[in-house]
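All of these numbers come straight from a predicted model, not from anything done at the bench. Convention: sequence-line order gives letters A, B, ...; per-chain numbering from 1.
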There are 2 protein chains.
Amino acid sequence: MAATLHDVANLAGVSIKTVSNVVNDYPHVKESTRTRVRQAIEELNYQPNLSARSLRSGRSGVIGLVLPELSLSYFGELADAVIAEAEKHGLVVLIEKTGADRDREIAVLTSPRMQLTDGLIFSPLGMGQADARHFEVDFPVVLLGERIFGGPVDHVTMRNVEAAQAATELLLKAGRRRIALVGAHVDEDVGSAALRTRGYEQALTAAGIEVDPSLVRYTTLWHRSNGAAAIRDLLSDGVEFDAVFGLNDALALGSMRALQEAGLRIPDDVSVVGFDDIDEAQYTLPSLSTINPGREQIAALAVELLLARIRDGGGRPSEPREVLVDFEVVVRESAVPAD
Amino acid sequence: MAATLHDVANLAGVSIKTVSNVVNDYPHVKESTRTRVRQAIEELNYQPNLSARSLRSGRSGVIGLVLPELSLSYFGELADAVIAEAEKHGLVVLIEKTGADRDREIAVLTSPRMQLTDGLIFSPLGMGQADARHFEVDFPVVLLGERIFGGPVDHVTMRNVEAAQAATELLLKAGRRRIALVGAHVDEDVGSAALRTRGYEQALTAAGIEVDPSLVRYTTLWHRSNGAAAIRDLLSDGVEFDAVFGLNDALALGSMRALQEAGLRIPDDVSVVGFDDIDEAQYTLPSLSTINPGREQIAALAVELLLARIRDGGGRPSEPREVLVDFEVVVRESAVPAD
DNA sequence: GTGAAAGCGCTAACAA
DNA sequence: TTGTTAGCGCTTTCAC
């Protein structure tokens, strides 16, 4: 059986409280007592029982990370970043996946499954602006993504509009004028799709180009297959185009595949830009020009904000914070400025 | 403040034990009492405190999953499968990543960080056969992968040798004779690399082809970049070859990129086969022929075995089980049988 | 600087 | 069928 505080106290000939003080690095302990206790801990290979500590203190040292799906590269890489960041703070990460399903996302917020976390980093893909009230919960939450703004919790998000605008401008600088957009969503005014579409439109408008609806292709999901299908449709519709902006890298990569199948050369015939800068984007042929949306920074900020909320637990919560992260245009082979 | 068993008991006018019985679906409770308690639970929005339950019962309902890295597609997809499987059993998953570092892998087994898990599913990439003793711990562990055999814990693994043999045979059936192997490891006799290399050799030998050492290329990591680099070396060494077997899909995909850069056509000039069947393999150009190693089944078995060990907690542990999972050859465009 | 004792919310003997 | 009670191992007042 594992040793308890009591055992250590007995062996060291002190009270249980003193041991607790040593374990928690309490300052007011005589040096000689401290070493004696340390020895006893060593000897018994004592390890604090986290359940007991958590019951007593109300903290578990576990944070929850709620994501659509780990096998989507973007989220896999985000999870890695969050775990690494959490570890720096001595926290451990419990991951729940929702499959981008709104009901499941809401369920996570109310179910007892995440009870033993001290707080949640939450990346919804099914919930929308109208669901903001679901975040009025009595534990700390940091919201990620661009589906809900002005909610009652801290929010870390990327500069979608500006970044999409920059991506589109890269294609314009490559001398392209007929830029297809792959991955738009019907009737949405929030969410990555809507914001990035807005950036695309702004860039075109600023360049004096009218947005041609036949170039805007809609997909429900953002997987490779959807990108490939969108391009096949575009081609079979006989729409002329000289560039593709995929609203994420998977769409862009799927698009590349379909373009190449059709015998089109990238970037000679068609330039392609993606969004996310997943690892894979470096190793395709041609390599994919894309937007690095600041994933690492998002993870770091999310953990820090959450930790701050957890620490302040007691007091009246301060205003929710909205934090924007810097992005970067990554120029590779699939789209290069003409100059 | 959250409601406790006491509050519910008071409201329902019963004892705390009765409430506990209802919450835990204990059979011997009068129907009328049960409904009364249910109402009280509803009214107070009572949710059991998991820390307390865990302290008392010794179970947390959390299982740990220890992986090298979530951003490697194979592990991202494995994590998804484990989480889905765990959920079926009402369990939640805590993920720790080791970065394939031996010391960190060993640390996870001893540190208190995973204390509040009921058991671990462990996928090492740094530890080797000699580290088997580190698994002699007093909590349930299910080992994944092919680095440690005959250890003191249950083990779920794929048929690496047979699957690699089948992959190589696919290339032979495509009429290839000069098959390059990408991703071998120096001086290893366990681990995916060694086992898959053995399958490759067996297939060649069975076909009466001698293994040409100049066709066997070594890489430390199994990322896309390593595959690409290996092929560039192969080409600059002037070694003739008509097929590539990448020991995982990332290597195969990186290889494809380098081959295409060099103006070689796939599968016309060079056939390529990978291993893992990650999602991406369907959407590259050409799509990648590969081995599906039974990831879903591995996840399901791992969770089941772990759960069984957790349940038997008390008794003397039975012999560790070694479970092999079925694989499947997935023929796509990059390598097709000649007939 | 150290000790005694209460109790976090729950489960599980045992009693009734 | 239901109630009483004793802790699980820890943190935390409050004394000393």
B/P48 has a side chain; which of C/dC10, C/dG1, D/dC10 sits nearest to it?
C/dC10

Ranking C/dT2, D/dT1, D/dG9 by distance to the side chain of A/N21, first place goes to C/dT2

Counting C-beta onward and ignoring hydrogens, is there a side-chain heavy-atom pair between B/I63 and B/I121 closer than 4.5 Å?
yes

A/V190 versus A/I148: any side-chain heavy-atom pair under 4.5 Å?
no

For [X] and [N], give me the distance from atom [atom1] to atom [atom2], rounded to whole Å.
X: A/E31; N: C/dT2; atom1: CD; atom2: P; answer: 10 Å
X: A/L44; N: D/dG9; atom1: CG; atom2: P; answer: 14 Å
X: A/I16; N: D/dC8; atom1: CD1; atom2: P; answer: 11 Å
X: B/N10; N: D/dG3; atom1: CG; atom2: P; answer: 12 Å
X: A/L5; N: D/dG7; atom1: CG; atom2: C1'; answer: 16 Å
X: B/H6; N: D/dT4; atom1: NE2; atom2: P; answer: 10 Å
X: A/Q115; N: C/dC10; atom1: CD; atom2: C1'; answer: 13 Å
X: B/K17; N: D/dT4; atom1: NZ; atom2: P; answer: 13 Å

Paired with A/L120, the side-chain contact (heavy atoms from CB on, under 4.5 Å) test is passed by just one of A/L94, A/V142, A/L306, A/L109, namely A/L109

Positive for side-chain hydrogen bond (donor to acceptor under 3.5 Å, both in side chains) with B/H155, one of B/R321, B/E322, B/E146:
B/E322

Do any side-chain nitrogens or oxygens of [X] fall under 4.0 Å of OP1 or OP2 in [N]?
X: B/S57; N: C/dC10; result: no
X: A/T4; N: D/dG9; result: no
X: A/S20; N: D/dT11; result: yes
X: B/N24; N: C/dT11; result: yes
X: A/S15; N: C/dT2; result: no

Ranking B/L55 and B/G13 by the position along DNA chain D of their nearest nucleotide, the one closer to 5' is B/G13

Decide salt bridge (charged side-chain N to carboxylate O under 4.0 Å, His left out) for A/R38 and A/D25; before the verdict, give the C-alpha distance in whole Å, the side-chain angles of both, and the deciding distance to 0.1 Å.
CA-CA 11 Å; A/R38 286 257 166 75; A/D25 284 326; 3.8 Å; yes

How would you label the contact of B/S54 with the nucleic acid (heavy atoms, under 4.0 Å): base, sugar-phosphate, or nothing?
nothing

Would you say the base of D/dG7 and the side-chain of B/R56 have a donor-acceptor pair closer than 3.5 Å?
yes

